[in-house]
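Okay, so here's the structure we're looking at.
Throughout, residue positions are numbered sequentially from 1 according to the sequence presented.
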Amino acid sequence: MAPQNPSLPTGPASGLVEFSVDLTAQEVLRQAQVLTALGPDWDPMEVMRQEEAAYALLYSGLDERQQRVYDDLVAAGVLPRRGDGRAAA
């Protein structure tokens, strides 16, 4: 029985040629399509501000136990440290 993965011949007489594809043009097109889909009103800085406000709201009003868990997660590097390291009041 023949091996399932026979060795490929090598050298100039093998008929194998180098094959490469430059995807730069496709990546530029994809990026342009994403930006078009986002529209002209998309403001990345406003998106970041809204995200920070959402995180502040998410970690606000924690009770004592929740604050301890939050502090442990920050200390473990699971959550980023914000402000003085305490959840917003």
Side-chain angles (χ1 to χ4, degrees):
M1 181 169 7
Q4 290 184 1
N5 296 320
S7 298
L8 294 175
T10 58
S14 69
L16 297 177
V17 294
E18 183 178 329
F19 180 78
S20 64
V21 177
D22 182 5
L23 297 175
T24 304
Q26 283 81 11
E27 181 60 21
V28 169
L29 176 61
R30 184 199 65 80
Q31 185 178 26
Q33 290 171 334
V34 167
L35 292 174
T36 298
L38 289 171
D41 298 330
W42 182 64
D43 180 1
M45 293 308 294
E46 180 59 25
V47 170
M48 292 300 293
R49 281 189 289 275
Q50 291 175 0
E51 186 172 323
E52 286 299 318
Y55 274 119
L57 183 60
L58 178 65
Y59 298 116
S60 66
L62 301 179
D63 64 28
E64 203 174 299
R65 181 179 163 276
Q66 292 168 328
Q67 184 66 52
R68 270 196 317 276
V69 171
Y70 173 84
D71 292 339
D72 289 345
L73 291 172
V74 169
V78 175
L79 293 174
R81 184 166 303 282
R82 297 181 187 282
D84 65 356
R86 305 291 292 174

Walk me through whether Glu46 and Arg49 qualify under salt bridge (Lys or Arg N to Asp or Glu O under 4.0 Å).
CA-CA 5 Å; Glu46 180 59 25; Arg49 281 189 289 275; 3.1 Å; yes
Out of curiosity, Leu35 CG to Arg30 CZ, how far, rounded to the nearest 0.5 Å?
9.0 Å
Mind checking whether Met48 and Trp42 sit in one hydrophobic cluster, side chains of I, L, V, M, F, W, Y counted as touching below 4.5 Å?
no
How far apart are the closest heavy atoms of Asp63 and Arg65, and which atoms are they?
OD1-N, 3.1 Å
Which pair of non-hydrogen atoms, one from Leu58 and one from Leu62, has the smallest distance, and what is that distance?
O-CD2, 4.5 Å
From the options Gln26, Gln33, Glu27, select the one residue that forms a side chain to side chain contact (heavy atoms under 4.5 Å, CB included) with Leu29.
Gln33
Asp43 CG to Leu38 CG distance, which is reported to the nearest 0.5 Å:
11.5 Å
Co-members of the apolar cluster containing Val28 [side chain, <4.5 Å]
none
Which value, rounded to the nearest 0.5 Å, describes the distance between Arg68 atom CZ and Leu73 atom CG?
12.5 Å
CD on Glu52 to CG on Leu57, rounded to 0.5 Å
12.5 Å
Would Val47 end up clustered with Met45 when hydrophobic side chains under 4.5 Å apart are linked, directly or stepwise?
no
Heavy-atom side-chain contact between Glu51 and Tyr55 under 4.5 Å:
yes
